[in-house]
Amino acid sequence: MRVHHLNCGTMRLPGARVVTHVLLLETPTGLALVDTGYGVADIAAPARRLGAYRHVVRPVLDRAETAVEQVRGLGFAPEDVRDVVVTHFDTDHVGGLADFPWARVHVTATEWEAASRPRTALERARYRSAQWEHGPQIAAHGPGGESWRGFAAARELTDVAPGVVLVPLPGHTRGHAAVAVDAGSRWVLHAGDAFYDLRALTGGVKPPAALRAQERAVAHDRGSLRANQERLAELHRQGQQDLLLVNAHDPAPLAAAR
Ligand SMILES: [Zn+2]
């Protein structure tokens with residue numbers, strides 16, 4: 001299926017100016033998004049929707065960057081977005097859900113449990129239920145029985161489209177997942193916030209220290225985060241021609257994908 005690569009949320013994080021990489025998929029039956037970035041309502045009411053953490057990540061909140069505006073700009077109708085698959089429920093990934101209130105929202109059951117019943121101080125601070133008060137239809141997926149390139153518990157979301165696979169990669173949040181998409185000549189693996197900066201996987205020059213500190217500060221489980229980064233680094237080292245590895249916030253893979 002055809003995959004469009006969008007930036008739906010420029011942020012000025014400590015140590016780095018970053019993007020919020022969103023995939024728009026042209027499936028055989030309509031459109032689907034992987035993550036949403038910030039939405040129109042976030043721009044109208046940032047304090048209520050995003051909370052104090054917006055002062056740390058400092059989003060530019062430009063309406064032209066919202067997924068709904070970019071969908072229109074590509075000549076599509078927003079109503080054709082039938083499904084949204086989210087890597088996790090942090091504010092910069094689900095803010096645009098309210099711009100597609102008819103869409104089914106796919107997420108791991110563990111992440112939906114964390115967002116709707118936060119257990120830790122970090123979870124209570126990071127999730128903002130105002131972003132889903134419009135009551136989207138949630139499809140919460142338990143662990144699947146498949147393996148995707150060595151990652152266990154993967155689940156193909158055939159109700160979105162064949163070739164869209166939810167791959168649990170916990171660590172950043174309790175139920176964080178990557179999303180693999182069959183783009184025809186290659187697979188695109190959107191790793192969400194499993195790593196902030198591709199240089200964390202490649203060795204050599206390290207990501208900025210402030211960015212690494214930020215990544216640790218908001219990690220639900222640093223051990224799982226590190227373990228999954230090692231496995232992603234191995235995948236990246238294999239350098240498969242048929243795989244494009246991207247994440248949410250690093251501008252370099254977004255530029256390479258376009
Ligand atoms: Zn994020």
Side-chain angles (χ1 to χ4, degrees), residues 4-11 18-27 30-109 111-118 123-141 157 159-160 164 166 173 175-177 179 190 192-193 248-249:
H4 302 266
H5 297 265
L6 316 177
N7 170 21
C8 298
T10 301
M11 295 188 281
V18 304
V19 297
T20 301
H21 192 153
V22 166
L23 307 180
L24 174 66
L25 316 180
E26 292 187 41
T27 77
L31 300 175
L33 288 167
V34 175
D35 280 350
T36 68
Y38 293 103
V40 172
D42 297 326
I43 298 169
R48 197 173 84 80
R49 301 254 313 179
L50 307 177
Y53 191 59
R54 72 191 190 284
H55 298 302
V56 177
V57 298
R58 301 195 302 146
V60 300
L61 299 178
D62 176 357
R63 189 179 172 120
E65 286 190 343
T66 60
V68 68
E69 288 296 340
Q70 295 192 62
V71 164
R72 285 197 191 99
L74 287 164
F76 299 115
E79 291 74 16
D80 290 339
V81 175
R82 312 267 172 83
D83 297 280
V84 182
V85 186
V86 297
T87 59
H88 63 299
F89 256 70
D90 276 351
T91 53
D92 47 323
H93 299 258
V94 298
L97 291 180
D99 296 329
F100 306 93
W102 49 80
R104 286 181 303 178
V105 177
H106 303 264
V107 60
T108 68
E111 184 66 9
W112 179 238
E113 168 76 18
S116 43
R117 278 190 280 277
E123 286 180 344
R124 280 188 289 275
R126 77 192 312 160
Y127 298 121
R128 303 288 298 183
S129 59
Q131 289 184 312
W132 57 92
E133 66 190 1
H134 61 285
Q137 186 189 332
I138 301 286
H141 299 278
L157 303 179
D159 46 347
V160 178
V164 177
L166 194 60
T173 63
H176 182 279
V179 183
H190 189 305
D193 286 4
H249 298 308

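Position 1 is the first residue of the sequence, and the numbers go up from there.
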Novice: For a quick check under 3.5 Å, do Q70 and H4 share a side-chain donor-acceptor pair by atom type?
Specialist: no
Novice: Only counting residues at least two apart or in another chain, list the ones meeting side chain to side chain contact (heavy atoms under 4.5 Å, CB included) with A139.
Specialist: H106, H141
Novice: Which pairs with one or both residues in residues 90-107 pass salt bridge (charged side-chain N to carboxylate O under 4.0 Å, His left out), sequence neighbours excluded?
Specialist: D83-R104, D90-R126, R104-D159
Novice: Run the side-chain hydrogen bond (donor to acceptor under 3.5 Å, both in side chains) test against Q131 and tell me which residues pass, sequence neighbours left out.
Specialist: D42
Novice: If the condition is side-chain hydrogen bond (donor to acceptor under 3.5 Å, both in side chains), which residues does T173 pass it with, not counting sequence neighbours?
Specialist: E111
Novice: Just wondering, do L166 and V179 contact through their side chains at under 4.5 Å, heavy atoms?
Specialist: yes
Novice: L24 vs V71, test: side chain to side chain contact (heavy atoms under 4.5 Å, CB included). Steps then yes/no.
Specialist: CA-CA 8 Å; L24 174 66; V71 164; 4.2 Å; yes
Novice: Taking the side chain as everything from C-beta on, heavy atoms only, tell me whether T36 gets closer than 4.5 Å to V22.
Specialist: no
Novice: Could you pull out the closest heavy-atom pair between G192 and T87, with the gap in Å?
Specialist: CA-CG2, 3.8 Å
Novice: Any non-hydrogen side-chain atom of D35 less than 4.5 Å from a side-chain atom of T20?
Specialist: no
Novice: When you measure from the side chain of N7 to the backbone of G9, do you find a donor-acceptor pair of N or O atoms at a distance under 3.5 Å?
Specialist: yes
Novice: With L50, which of I43, L61, V57 fulfils side chain to side chain contact (heavy atoms under 4.5 Å, CB included)?
Specialist: L61
Novice: For E133, enumerate each residue passing the side-chain hydrogen bond (donor to acceptor under 3.5 Å, both in side chains) test, keeping only those at least two apart in sequence or located in another chain.
Specialist: R48
Novice: Over all heavy atoms of both residues, which pair between A140 and A109 is shortest? Give the atoms and the distance, please.
Specialist: CB-CA, 3.9 Å
Novice: Please name the pair of heavy atoms, one in T66 and one in Y38, separated by the smallest distance, quoted to 0.1 Å.
Specialist: CG2-O, 3.7 Å
Novice: Can you list every pair that meets ring-ring contact (aromatic ring centres under 6.0 Å, His included) and has a residue in residues 85-105, with sequence neighbours left out?
Specialist: H88-H93, H88-H172, H88-H176, F89-W112, F89-W132, H93-H249
Novice: Measuring only between side-chain heavy atoms, which start at C-beta, is V94 closer than 4.5 Å to V105?
Specialist: no
Novice: Sequence neighbours excluded, which residues qualify as ring-ring contact (aromatic ring centres under 6.0 Å, His included) partners of H21?
Specialist: H5, H190
Novice: Kindly indicate whether the side chain of L33, heavy atoms from C-beta on, has any atom under 4.5 Å from the side chain of V85.
Specialist: no
Novice: What residues form a salt bridge (charged side-chain N to carboxylate O under 4.0 Å, His left out) with R128, not counting sequence neighbours?
Specialist: none
Novice: Would the distance check show the side chain of T10 and the main-chain N or O of V19 forming a donor-acceptor pair, the cut-off being under 3.5 Å?
Specialist: no
Novice: What's the shortest heavy-atom distance between A103 and V84, and which atoms?
Specialist: CB-CG2, 4.0 Å
Novice: Does any pair with a residue in residues 50-67 pass salt bridge (charged side-chain N to carboxylate O under 4.0 Å, His left out), and if so which ones, sequence neighbours excluded?
Specialist: R63-E69
Novice: Which residues pass the salt bridge (charged side-chain N to carboxylate O under 4.0 Å, His left out) test with R117, sequence neighbours left out?
Specialist: E113
Novice: For E79, check salt bridge (charged side-chain N to carboxylate O under 4.0 Å, His left out) against everything at least two apart and list the hits.
Specialist: none
